Amino acid sequence: MKKALLDTSSAILLYKTGMLEHLLSTYTIFITESVFDEFARKGYPGYEFITRVREQNDIRVLDILPNIKLGEKRIKSLGQGEHDTVQHYQAGIGDFIITDDRKAALFCRQQNIPFINALLFPRILYFTGIIVESDCQKNFSRLLQCGRYSADIIDFAQKSSAADLQFFLP
């Protein structure tokens, strides 16, 4: 099973659209302690869910790593969760990153770190036969309603083929 590092932005979007459970059954999912802390705030939506899946070890929460250089310098523009996620990837944990944070996505692109956003996940499920096309479209629409995506990101996600996403297919 492929290993993915999940960032808070994507975790929240996938939770809100009911797709986080699909993600947990499709990949081995890792989150950093800072991502867990950002997502698991008592009284907020998803608190009970993320706490339960952590206790059941359906999601693996990673300890804080000593500071590792991100490229040539620490990227100050990344939030703590994004920074820690990239740091763990660069330490060799995970095959790719799932993030919907624009700054994190740009950093991943600059550093040639493989990543996807939540908007691509319904397409991945469809291409692997886990869901049918109508469910893919329904989940895609839900993500569009919850997330903030540029026209280019939406266009790429709509036009992506199985070949485009081959690396990320389970």
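Since we're looking at a predicted model, the values are computed, not measured.
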Q.
For Thr99 versus Phe115, what's the shortest heavy-atom pair and its separation?
A. CG2-CD1, 4.3 Å
(Q) Between Phe107 and Ile113, is there a side-chain heavy-atom distance shorter than 4.5 Å? (A) yes
Q | Side chain proximity check, Met1 to Pro170, heavy atoms < 4.5 angstrom | A | no
(Q) Looking only at side-chain N and O atoms, does Asp100 offer a donor or acceptor that is under 3.5 Å from a partner on Ser9? (A) no
Q. Is the closest side-chain heavy-atom distance between Val35 and Leu6 below 4.5 Å?
A. no
(Q) For Asp63, I'd like to know if atom CG has over 12 heavy atoms of other residues, nucleotides or ligands within 6.0 Å. (A) no
Q) Is any side-chain heavy atom of Ile130 less than 4.5 Å from a side-chain heavy atom of His22? A) yes
Q. Pick one: which of Asp84, Ile29, Thr85 meets side chain to side chain contact (heavy atoms under 4.5 Å, CB included) with Leu5?
A. Thr85
Q: Sequence neighbours left out, what pairs pass salt bridge (Lys or Arg N to Asp or Glu O under 4.0 Å) with at least one residue falling in residues 138-160?
A: Asp135-Lys138, Asp155-Lys159
Report, one line per pair, each donor and acceptor closer than 3.5 Å where one atom sits in a side chain of residues 161-169; sequence neighbours left out.
unit_1, atom_1, unit_2, atom_2, d
Ser161, OG, Ala163, N, 3.3
Ser161, OG, Asp164, N, 3.1
Ser161, OG, Asp164, OD2, 3.3
Asp164, OD2, Ser161, N, 2.9

(Q) Between Asp95 and Lys3 (side chain of the first, backbone of the second, donor and acceptor by atom type, cut-off under 3.5 Å), is there such a pair? (A) yes
Q) How long is the span from the OH atom in Tyr126 to the CD atom in Gln137, to the nearest 0.5 Å? A) 9.0 Å
**Q.** Residue pair Lys2 / Thr26, side-chain heavy-atom distance below 4.5 Å
**A.** no
Q. When rounded to the nearest 0.5 angstrom, what is the spacing between CD1 in Ile153 and CG in Leu119?
A. 8.5 Å
Q. Which atom names give the shortest non-hydrogen contact between Ile98 and Asn117, and what distance separates them?
A. CG2-C, 4.4 Å
Q | Shortest non-hydrogen contact between Cys146 and Lys16, atoms and distance | A | SG-CB, 4.2 Å
(Q) Going by salt bridge (Lys or Arg N to Asp or Glu O under 4.0 Å), name the pairs with one or both residues in residues 17-35, residues two or more places apart or in two chains. (A) Glu33-Arg54
Q: Flag yes if Val61 and Phe30 sit in one hydrophobic cluster, no otherwise; membership is Ile, Leu, Val, Met, Phe, Trp, Tyr, and two members link when side-chain heavy atoms are under 4.5 Å apart.
A: no
Q) Heavy-atom distance under 4.5 Å between the side chains of Arg60 and Thr28, does that happen here? A) yes
Q. What pair of heavy atoms forms the shortest contact from Tyr149 to Leu144, and how long is it?
A. CD1-CD2, 4.1 Å
Q. Taking C-beta and beyond as the side chain, do Leu120 and Ser160 meet within less than 4.5 Å on heavy atoms?
A. yes
**Q.** Any side-chain heavy-atom pair of Phe39 and Tyr15 under 4.5 Å
**A.** yes
**Q.** For Leu143 against Ala118, the heavy-atom pair lying closest together
**A.** CD1-O, 3.3 Å
Q) Are Leu14 and Phe127 connected in the hydrophobic side-chain network, where two residues link if heavy atoms are under 4.5 Å apart? A) yes
Q | side-chain contact (heavy atoms from CB on, under 4.5 Å) between Asp7 and Asp101, intermediate numbers included | A | CA-CA 8 Å; Asp7 185 33; Asp101 181 87; 3.9 Å; yes
Q.
Check the orientation of Phe96 and Tyr27. Use parallel for under 30°, tilted for 30 to 60°, and perpendicular for over 60°.
A. perpendicular
